There are 4 protein chains.
Amino acid sequence: MVTDHRKLPRRRGEALNAAIFQATLDELAEAGYAGLTMERVAERARAGKASLYRRWPTRIELVMDAVYHVLPVPSSVPDTGSLRTDVLAALREAARLLSGPAGEAMRGLLSEALADEARAAAFRRRSHGLGRSLMQEITRRAVERGEIDASAVTPRRLDAGQALLRQHFLFAGPPIPDELIVQIVDEVVVPLLTRR
Amino acid sequence: MVTDHRKLPRRRGEALNAAIFQATLDELAEAGYAGLTMERVAERARAGKASLYRRWPTRIELVMDAVYHVLPVPSSVPDTGSLRTDVLAALREAARLLSGPAGEAMRGLLSEALADEARAAAFRRRSHGLGRSLMQEITRRAVERGEIDASAVTPRRLDAGQALLRQHFLFAGPPIPDELIVQIVDEVVVPLLTRR
Amino acid sequence: MVTDHRKLPRRRGEALNAAIFQATLDELAEAGYAGLTMERVAERARAGKASLYRRWPTRIELVMDAVYHVLPVPSSVPDTGSLRTDVLAALREAARLLSGPAGEAMRGLLSEALADEARAAAFRRRSHGLGRSLMQEITRRAVERGEIDASAVTPRRLDAGQALLRQHFLFAGPPIPDELIVQIVDEVVVPLLTRR
Amino acid sequence: MVTDHRKLPRRRGEALNAAIFQATLDELAEAGYAGLTMERVAERARAGKASLYRRWPTRIELVMDAVYHVLPVPSSVPDTGSLRTDVLAALREAARLLSGPAGEAMRGLLSEALADEARAAAFRRRSHGLGRSLMQEITRRAVERGEIDASAVTPRRLDAGQALLRQHFLFAGPPIPDELIVQIVDEVVVPLLTRR
DNA sequence: CTCTAAACGAGACGGTACGTCCAGTCTTCGG
DNA sequence: CCGAAGACTGGACGTACCGTCTCGTTTAGAG
């Protein structure tokens, strides 16, 4: 960090938020979720601990906000003209996200986010719901194009690709080989949906 | 102090191991993996902390051993005569295991076990490999019976059921509804393998 | 929010001063000097902290002002016609003051007021000088009446009664038994001054 | 306690105690009682905070023990052959003690030690009782020598010298001029006791 | 009576210290 | 003489205050 905040006017509101988010992501990258402490985040952001706790009662909230602040939900659904390439693009984007701070955060949050239902819901909404709605849109288009039959689309089948991708990431860590993604698409996702 | 009024004789070796394992599982159930500390496990087992560290350098090892001690790998592969019921039985057994201490442990270990590769490998072997080899045996028999074609069997397809089951457990927690398992089998696993 | 629903009008100047003094004395009574904080005084007085600091740079000043605002120096010197009863009245009044907020304040200020000489002087002037000048007036009258000899009056002797009273209060706390005051007067103060 | 460096195991506790006491006295000298913190004492002694709190629940206890550890009650009562010189010696010794860490500690403890009666009693025993018993021994000898009359000795008169000395120290701080001590002895203590 | 500058309440800010809990190491002593 | 018990250093926890500051709002007093 370059600037010395003692000389500068005190940061408030969004400016302070941004500094804390950056410090959180830096710590996440250096120490991992398990090694991330409020103390060090505060020190790194040159902020008081109270300023952190005033905004986020636990590191769970802090990390979730920090990750999704710099990595907002990518709203653009790939539209390449065929089911296979759409799914391939979607899973590659998911793999890219997992390889960054969002992945490290997700892994750590799994063991803490389920403590109360409100947190768990927020966690699922951000990490999980994304993939589902993406696949819904992709398959909707494929049905429209006549590529697949609507009856082949079920919730479990929409989740299968994400589940395989995440299982690999969670148990083997990054990076995720592209060959794996291709296999998931060609051996699992496409066959499941194109079955007559 | 002159006399030691402790009722129990000092435990050593396996007797102490067993007490520590039990304390570990109790703490896992009460506080979860994130809330489990060596300190409390030692206190609960009426043991010194050094006795824990001498045996297990980290809580990762301790928890893995404790879980594996009471929940040894079920070596019996279901053999019901049909692919569908075999897979159903296997996933139901996996779901049962996840709903107990092994599930809580797995969730927590995800964020710590990847730190060094030796640990990660041991972790994968116990938690992950299990499902894979089970499915290999089940599909081998189905091929023998002529129920499915050998060419339909690929690593990704063998993993798909486990991945969907675990994704649900990790993000939603226990209990795992049996309806979900049936859907996974009938909409994903069986179609993938019986496709001609 | 658009409207301000506070019932009370904003206080300024003396009205605010008075409210702060009252809050200070209340906190002094509840938490003692050691437990008194600017934060709580401000909250209790429904004032901003800056309003306190604008007037009193430290809690030392605040407490001294608050105490002597409600307990102004009693200017009336007892005049009962005899040395013994004059001194008795003076010490009883001193004991009464010590048993209230002034006593609690004095006890706490001892450990902080000496930091810089200006504060120390102000502190001595208000807490200490009082007794001395009272005794000077009392003995002056006794000399005039021919009750005692002027040569018997020395600074140490004038202080002896106050010193014994305060030593008891500081080390034993309130209340101060009246019997003690009588003993101080009859066994120490009067004998010292009436010695021929 | 006399330690034997050859065989007796120098308990980790006692060596640590000594280091903590020294750090406490250093902090007392540098920052004063009001500026003394458990945090800094621990850091200075290279000890963990828990090691401090395990022994002394509050800084009151810590400071009292530390001061008492290096400044044990001087058991030798001055015996110079005359009341005046005995008292002079006793008050000079008291003044010497007050000018060191014991004085700084006493000043600070006044505002906190009275919180509960057990602490207050311990505080009085150590700081206050000392002077009283010394004076009792001195006057007992003077009575034996026929220098003074036993009927002249009362608790208040025994306390008068200490009270004047302490009042000066508490309100004016160190150093205590020797001239003051001489005045206290010649104008107050001796006249009070030698009165016929 | 209006306008403006000061005073005000509220509370966020960067910090320090609190007293507690736990990690991982090291010492003591009992079996 | 090994190993159980637990004291040790160190560090993070989440909270309370410190003294400073910014933000709007009120209010007194000058024009």
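Worth knowing before you read on, the calculation uses all heavy atoms, side chains too, and leaves out hydrogens, waters and symmetry mates. Lettering of chains follows the sequences in order, A, B, ..., and the numbering in each one begins at 1. All of these numbers come straight from a predicted model, not from anything done at the bench.
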Qualifying residues under side-chain hydrogen bond (donor to acceptor under 3.5 Å, both in side chains), relative to C:Thr58, sequence neighbours excluded: C:Glu61
Any donor-acceptor pair under 3.5 Å joining the side chain of A:Lys49 to the base of F:dG14? yes
Taking the nucleotide of DNA chain E with the nearest heavy atom to each, does A:Ser51 or D:Ala50 sit closer to the 5' end? A:Ser51
When rounded to the nearest 0.5 angstrom, what is the spacing between CG in D:Asp65 and CD1 in D:Ile60? 12.0 Å
Rounding to an integer number of Å, can you tell me how far B:Leu62 CG sits from E:dG24 C1'? 14 Å
DNA chain E contacts among residues 25-41 of chain B, heavy-atom distance under 4.0 Å: B:Thr37, B:Met38, B:Glu39, B:Arg40
What is the distance from CD of C:Glu14 to P of E:dC8, rounded to the nearest Å? 11 Å
Which whole-number value in Å describes the distance from C:Arg44 CZ to F:dC17 C1'? 17 Å
Rounding to 0.5 Å, atoms CG (C:Leu170) and OG (D:Ser127) come to a distance of 10.5 Å
Residues in contact with DNA chain E, drawn from residues 53-61 of chain C - heavy-atom cutoff 4.0 Å: C:Arg54, C:Arg55
Whole angstrom is fine here: how far is it from CG in D:Leu16 over to C1' in E:dT28? 15 Å
N/O donor-acceptor pair under 3.5 Å between A:Ser51 side chain and A:Ala47 backbone: no
With under 30° as parallel and over 60° as perpendicular, where do the rings of A:Phe171 and B:Phe123 fit, or are they tilted in between? parallel
Would you say B:Val63 and B:Leu25 make side-chain contact, with heavy atoms under 4.5 Å? no
Listing request: all ring pair (Phe, Tyr, Trp, His ring centres under 6.0 Å) pairs with a residue in residues 23-50 of chain B, at least two apart in sequence or in separate chains. none
Distance, rounded to the nearest Å, where A:Glu43 contributes CD and E:dT16 contributes P: 10 Å
By the salt bridge (charged side-chain N to carboxylate O under 4.0 Å, His left out) test, which pairs, at least two apart or in different chains, include something from residues 100-117 of chain A? A:Arg59-A:Glu112, A:Asp116-A:Arg119, A:Glu117-A:Arg124
Euclidean distance, atom CG of residue C:Leu52 to atom P of F:dC21 [Å, nearest integer]: 17 Å
Applying side-chain hydrogen bond (donor to acceptor under 3.5 Å, both in side chains), can you list everything that pairs with D:Arg44, at least two apart in sequence or on another chain? D:Glu27, D:Glu30
